[in-house]
Each structure stands twice: as structure tokens, then as C-alpha cells.
Amino acid sequence: MMIDQYTGLYCVIGNPVRHSLGPAMQNAAFREKGINAVYLAFEATDAGACIKGVRSLGIRGLSVTIPFKTDIIPFLDEVDDLALRIGAVNTVVNKEGRLRGYNTDAYGALMALEEKTEVPGKRVVIIGAGGASRAVGYILKEKGATVVVSNRSQVRGMVLCRDLGCEFIAPDKLHDVHADIIINTTPVGMSPDIDKSPVPEKIFKEGMTAMDIIYNPLKTRFLAAAKARGCEIVNGLSMFVYQGAEQFRLWTGIKAPVEVMTAAVEKELSN
Ligand code: ATR
């Protein structure tokens with residue numbers, strides 16, 4: 001890759017950020033499309049200071065990750081409507097000095113799910129009530145699904161249900177919940193705690209679709225149990241790549257090379 005005086009800079013800000021797969025994925029996409037740009041990871045402590053840097057250095061775009069997805073909002077010039085409703089921005093586009101925030105997590109989840117199942121009219125149970133759950137819940141409702149949220153903390157779960165206008169189900173009632181699609185948005189089952197699952201295994205019935213937003217490991221205990229009981233499964237890698245592909249499109253106006261991005265992330269995960 002040629003780096004010169006015209007090279008555009010994109011970055012991810014977060015903390016921690018050293019485990020991020022974003023650089024491998026986005027740099028592979030820039031290379032594939034012959035775009036003179038690089039994508040770097042910055043472990044940051046202050047969202048406002050980062051935005052000052054973006055403006056003064058002419059950084060062309062940002063990925064925003066934990067813990068800045070909400071904190072960044074007041075520093076932007078504009079925020080896309082869906083991102084505002086979700087209350088989280090994971091993408092910033094610098095268009096001639098004006099900074100606009102978007103949320104592509106929601107789009108990523110939808111694209112990943114739609115590879116395996118239709119969404120309109122489906123009953124979706126979402127486990128967890130954090131930022132990821134909120135993004136997934138909003139977009140699935142918008143696409144005509146009926147959403148049900150379950151969360152360890154009942155208060156947090158009910159606040160999200162009030163905002164989404166959906167039903168809450170307590171975790172101890174999950175064993176006989178009716179669902180077409182079940183989505184895990186909690187970190188339960190993530191490496192190194194790979195023997196844990198956020199739901200009882202008998203929740204899974206043949207014909208359902210199970211999606212996990214965790215991508216390390218690729219096949220979580222949640223997905224393995226779902227597969228063993230005859231469900232379609234969607235792993236977290238798919239959502240991660242699609243949210244990144246949408247970022248790439250917003251930054252460059254070019255359709256992202258999804259296969260190349262997937263291969264780059266798989267390679268990084270296998271290292
Ligand atoms: P994110 O923004 O990535 O969604 P988050 O805001 O930290 O992350 O939310 C994590 C979600 O996982 C929350 O719903 C959390 O439940 P609580 O609201 O009860 O904290 C859930 N979660 C985290 N660890 C969990 C565990 N060990 N068992 C069950 N749920 C857990």
C-alpha cells in the first residue's frame with residue numbers, strides 16, 4: 001500500500017481498542033478498491049478531544065466503539081434519525097468539515113439476519129438490554145417484527161421495552177417463550193467463558209433462527225445448542241462485517257467488498 005501526502009485517514013476510537021478487528025477489515029477494503037486511505041486504531045480517553053482532532057486534522061471518518069457511542073453525540077454537527085432514536089453513534093462521516101453521526105450496528109444486524117430469515121411478521125426475542133440490544137430492537141421493529149426483550153436487570157429491560165414499545169419477559173420464564181428468532185446481545189459465552197449460555201437450551205425449537213452478536217468464539221455455546229436442535233444460526237462475524245461494510249459505503253460512497261472484508265477478519269481471528 002502506498003502512503004503519501006494524499007493518503008486519507010480513517011480511525012476507530014474506543015477504549016480498549018487494541019483487540020479491534022476494524023483495521024484489518026477496513027484496510028483490506030481500501031486496498032481492494034484502490035483507495036488511497038488508511039484506517040488506524042486509537043485508544044482514547046475523551047470523545048470531545050477526539051472530535052477536535054478529527055476537525056483540525058481533517059480525519060475523514062471514524063468508527064466509534066465502547067465507551068464513546070453515546071458520549072460522542074453532543075460534539076457532532078448532525079446525527080442521523082435512526083442513530084438518534086437508538087441513542088448511539090458508531091460511525092462519523094466528515095463531509096467538508098461537517099461531522100454527521102450514524103449507527104450501522106443496527107443495519108449490520110439486519111443484513112446478517114436477512115441472509116437466513118425474513119424479518120417482517122416474525123416474533124423476535126432479544127436477550128440483553130444494552131446498547132446493542134437497543135440498536136437491534138429498533139431496526140427489527142421498524143422492519144415489522146414483534147420484539148420481546150429479556151434482561152437480567154428487570155429495570156433496565158423494562159426501560160428499553162418502554163422505549164421500544166415492546167413486551168418484557170423475565171429470564172426465568174424464557175424456557176417456554178414462543179419465538180421465531182432469538183438474538184443474544186449479552187457478553188455471556190464470550191471467550192474465555194465459552195461454556196456459558198445466556199438461555200436454557202430447551203428454548204430452541206426446530207425452524208427457529210438463533211443469532212449471536214459475539215464473534216469470539218465464532219460458534220458460541222448458544223449457537224451450538226441452537227444448531228443441535230435444528231435452528232438456523234447467524235454468528236457475530238456476519239453482523240460485524242456488515243456494520244463495517246455500511247461504514248465503508250458511508251465514507252467512500254462505494255459499495256464495500258464484503259467477501260474481502262470477511263476474509264480479512266477471519267484471517268485475523270485465526271491468528
Ligand atoms: P452493549 O452496549 O455492548 O450492549 P452493555 O450496555 O454493557 O453492552 O450491555 C450488556 C448487556 O448484557 C446488558 O443487558 C447486561 O445485563 P444487565 O442490564 O443486567 O447488566 C447483559 N449482561 C452482561 N453480563 C451478563 C451476565 N453475566 N448475565 C446476564 N446478562 C448479562
Side-chain angles (χ1 to χ4, degrees), residues 19 21 66 105-106 108-141 143 145-154 156-158 160-161 164 166-243 262 265-266 268-270:
H19 64 285
L21 299 169
I66 290 166
D105 287 330
L110 181 68
M111 290 293 289
L113 202 51
E114 282 182 340
E115 281 191 333
K116 297 286 169 71
T117 180
E118 289 185 356
V119 169
K122 295 289 170 69
R123 189 172 162 87
V124 186
V125 174
I126 302 177
I127 315 297
S133 170
R134 190 170 280 267
V136 170
Y138 266 104
I139 198 134
L140 294 184
K141 268 211 82 175
K143 289 286 162 185
T146 300
V147 172
V148 179
V149 170
S150 181
N151 194 52
R152 176 179 63 179
S153 145
Q154 183 153 342
R156 197 170 180 203
M158 285 182 147
L160 177 58
C161 288
L164 283 175
C166 77
E167 193 187 315
F168 179 80
I169 178 164
D172 62 353
K173 301 278 184 323
L174 274 177
H175 53 274
D176 53 21
V177 71
H178 161 64
D180 302 305
I181 301 169
I182 302 177
I183 304 176
N184 175 40
T185 68
T186 76
V188 180
M190 192 188 289
S191 179
D193 293 322
I194 59 170
D195 291 333
K196 296 201 173 124
S197 169
V199 297
E201 294 188 357
K202 60 183 171 189
I203 193 175
F204 299 115
K205 314 249 162 33
E206 195 163 342
M208 283 182 181
T209 301
M211 172 163 145
D212 204 328
I213 71 164
I214 294 170
Y215 53 73
N216 185 14
L218 281 180
K219 200 170 202 182
T220 54
R221 173 140 193 192
F222 172 85
L223 291 182
K227 181 95 186 157
R229 288 176 161 253
C231 304
E232 279 282 3
I233 60 170
V234 183
N235 70 32
L237 180 67
S238 179
M239 173 176 166
F240 178 73
V241 171
Y242 278 118
Q243 65 77 33
T262 304
V265 173
E266 279 172 347
E268 194 74 5
L269 280 174
S270 70

From [X] [atom1] over to [Y] [atom2], what is the distance, rounded to the nearest 0.5 angstrom?
X	Y	atom1	atom2	result
Glu268	Glu266	CD	CD	12.0 Å
Ile182	Lys205	CD1	NZ	8.0 Å
Thr117	Asp180	OG1	CG	7.5 Å
Leu269	Leu218	CG	CG	5.5 Å
Ser197	Leu223	OG	CG	9.0 Å
Leu237	Tyr242	CG	OH	10.5 Å

For [X] versus [Y], what's the shortest heavy-atom pair and its separation?
X	Y	result
Val149	Cys166	CG2-SG, 3.8 Å
Ala132	Ile213	CB-CD1, 3.6 Å
Ser133	Gly128	OG-O, 2.7 Å
Pro198	Ile127	CB-CG2, 4.0 Å
Ser238	Ala112	OG-CB, 3.3 Å
Gly157	Ala129	CA-CB, 3.8 Å

For atom [atom1] of [X], decide whether the heavy atoms of other residues, nucleotides or ligands shown that lie under 6.0 angstrom number more than 12.
X	atom1	result
Glu115	CD	yes
Lys202	NZ	no
Glu114	CD	yes
Lys143	NZ	no

Using side-chain heavy atoms (C-beta onward) and a distance below 4.5 Å, is [X] in contact with [Y]?
X	Y	answer
Asp193	Val188	no
Leu174	Val125	yes
Leu113	Leu140	yes
Ile233	Phe222	no
Met211	Met239	yes
Glu167	Arg123	yes

Main-chain N/O of [Y] paired to [X] side chain as donor or acceptor, under 3.5 Å:
X	Y	answer
Arg221	Asp195	yes
Lys141	Leu164	yes
Thr209	Glu232	no
Ser191	Asn216	no

Applying the side chain to side chain donor-acceptor pair (under 3.5 Å) test to Asp212, which of Asn235, Thr186, Asn184, Thr185 qualifies?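 Going through the options one by one, the only one that passes is Asn184.
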
Mutual orientation of the aromatic rings belonging to Tyr215 and Phe240 [parallel < 30°, tilted 30-60°, perpendicular > 60°]: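 Correct class here is tilted.
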
